[in-house]
2 protein chains.
Amino acid sequence: MLYHDYPGQVCSIASSLELVGERWSLLIIRDIFRGRRRFDQIQSSLGVARNVLTARLTRLVEEDVLEKRPYQTNPERYEYFLTQKGLDLWPILMAYLGWGDKYCEPEKGKPRLIVHKGCGGEIDDRRICQKCGKPLEVREAESIPGPAEPHPEEVLQAARA
Amino acid sequence: MLYHDYPGQVCSIASSLELVGERWSLLIIRDIFRGRRRFDQIQSSLGVARNVLTARLTRLVEEDVLEKRPYQTNPERYEYFLTQKGLDLWPILMAYLGWGDKYCEPEKGKPRLIVHKGCGGEIDDRRICQKCGKPLEVREAESIPGPAEPHPEEVLQAARA
DNA sequence: GGTAGTGAGTTTCTTCAAGAAACCCTTTGT
DNA sequence: ACAAAGGGTTTCTTGAAGAAACTCACTACC
């Protein structure tokens, strides 16, 4: 069986997990949200095995969560973009982010902040701007480094270790 | 390695997925949200292998997402409850539910509805009551069967097939 | 008093997915 | 001509998931 499946479960949570609940899927999607669009960018940022990344990208394209667009020919090379279905996963990522910020090493501060573009207010896990109170859509948000964001050298060191 | 881990990722999404991103974890938690508290209830509802269920429950208790309380001695038997940390996963479940309702067989209608206790209004993926407009907490919500909820006989048939 | 059933696991064995590393192919740069 | 970059594919090894059987301490039934 190629995919996770949860036989006998009639439940939108289970169905969602069949599509994006496999190992790495959501992190790949998060990477694409942050603007990484090419195979090697994603591979080196996550450290996922290349064959697994190929399998995940192929599946996510099939399921219409991602779309691949050629950016050159000879050889054909593609970039991966989120479809509307993929963009709509934003609430799930925000929910994980909120929970992780609260429970995974909160003493270190948040690794990243999600803010309202222009306004600059921080966005909570209901996707509401804490400054202006507006309920926001994906395109009104941007991700910026937070207090616990590691410096590039630290990332390189961790990668070598 | 017993757990998923995502080495080198300093990110609240990745950290959350290390705790609850393994196969079955979130569905086990969903089951407990719906009031299933005992090993065999969860096992037969999900069809997860028993050894895997043991491993997940043990881990979730260790990580303080679940708490086990004895309900009889000789032999000792436990029920599993959500801690506050576990209850705080509700936004993640609601986000998956919203996405699944929208994209996984929406023509069939929703398998379950999450409604505002007392008020009866449906709750959206921002956890806001669609009827009275109030932002809700977990304890103000309840899960009821929706139009696509299968009848008990159908569930039994599916289990036999 | 023997037998069956239940609840919650544990053990064993098999299968499938993930990880690591090497290889491939085409183009660009030197 | 040779190396490097980009985006994979192949192969092999390890680790996790699934299925089924076994355990143990009761309880309830005939």
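The chains referred to below are lettered A, B, ... by the order of the sequence lines, with proteins before strands, and numbering in each begins at 1. What you see is a predicted model; the values in this text were computed from it and never measured.
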Peer 1: A:Leu53 has an atom CG; how far is it from atom P of C:dA21, in whole Å?
Peer 2: 17 Å
Peer 1: Please give, in whole Å, the distance from C:dT10 P to B:Leu57 CG?
Peer 2: 11 Å
Peer 1: Calculate the interatomic distance between B:Gln43 atom CD and D:dA17 atom P; express it in whole Å.
Peer 2: 15 Å
Peer 1: Expressed in angstrom and rounded to an integer, what is the separation of B:Ile28 atom CD1 from D:dA17 atom P?
Peer 2: 10 Å
Peer 1: Quick one: B:Leu46 CG to D:dA19 P, roughly how many Å, whole number?
Peer 2: 13 Å
Peer 1: Whole angstrom is fine here: how far is it from CG in A:Leu27 over to P in C:dA18?
Peer 2: 13 Å
Peer 1: For B:Arg126, give me all partners under side-chain hydrogen bond (donor to acceptor under 3.5 Å, both in side chains), at least two apart in sequence or on another chain.
Peer 2: none
Peer 1: Checking A:Ser45 against A:Asp31: is there a side-chain donor and acceptor pair closer than 3.5 Å?
Peer 2: yes
Peer 1: Give every residue pair that meets the salt bridge (Lys or Arg N to Asp or Glu O under 4.0 Å) criterion with at least one member in residues 115-124 of chain A, sequence neighbours excluded.
Peer 2: A:Lys110-A:Glu122
Peer 1: Please list all pairs passing the side chain to side chain donor-acceptor pair (under 3.5 Å) test where one or both residues lie in residues 135-147 of chain B, with sequence neighbours left out.
Peer 2: B:Arg112-B:Ser143, B:Lys134-B:Glu140
Peer 1: Of all residues at least two apart in sequence or in a different chain, which pass the ring-ring contact (aromatic ring centres under 6.0 Å, His included) check with B:Tyr103?
Peer 2: B:Trp99
Peer 1: How many Å lie between CZ on B:Arg56 and P on C:dA8, as a whole number?
Peer 2: 19 Å
Peer 1: Of all the choices, D:dG7, D:dA17, C:dG9, which nucleotide is nearest to the side chain of B:Val52 once you look at every atom?
Peer 2: D:dA17
Peer 1: Nearest whole angstrom, please: distance from the P of C:dA18 to the CZ of B:Arg23.
Peer 2: 10 Å
Peer 1: With sequence neighbours excluded, what pairs up with B:Tyr78 under the side-chain contact (heavy atoms from CB on, under 4.5 Å) test?
Peer 2: B:Lys68, B:Pro70, B:Glu76
Peer 1: Taking OP1 and OP2 of D:dG7, is either one under 4.0 Å from a side-chain nitrogen or oxygen of A:Tyr71?
Peer 2: yes
Peer 1: Check nucleotides 20-26 of chain D for protein N or O atoms closer than 3.5 Å to its own N or O atoms and list the pairs.
Peer 2:
{"from": "D:dC26", "atom 1": "OP1", "to": "B:Asn74", "atom 2": "O", "distance (Å)": "3.2"}

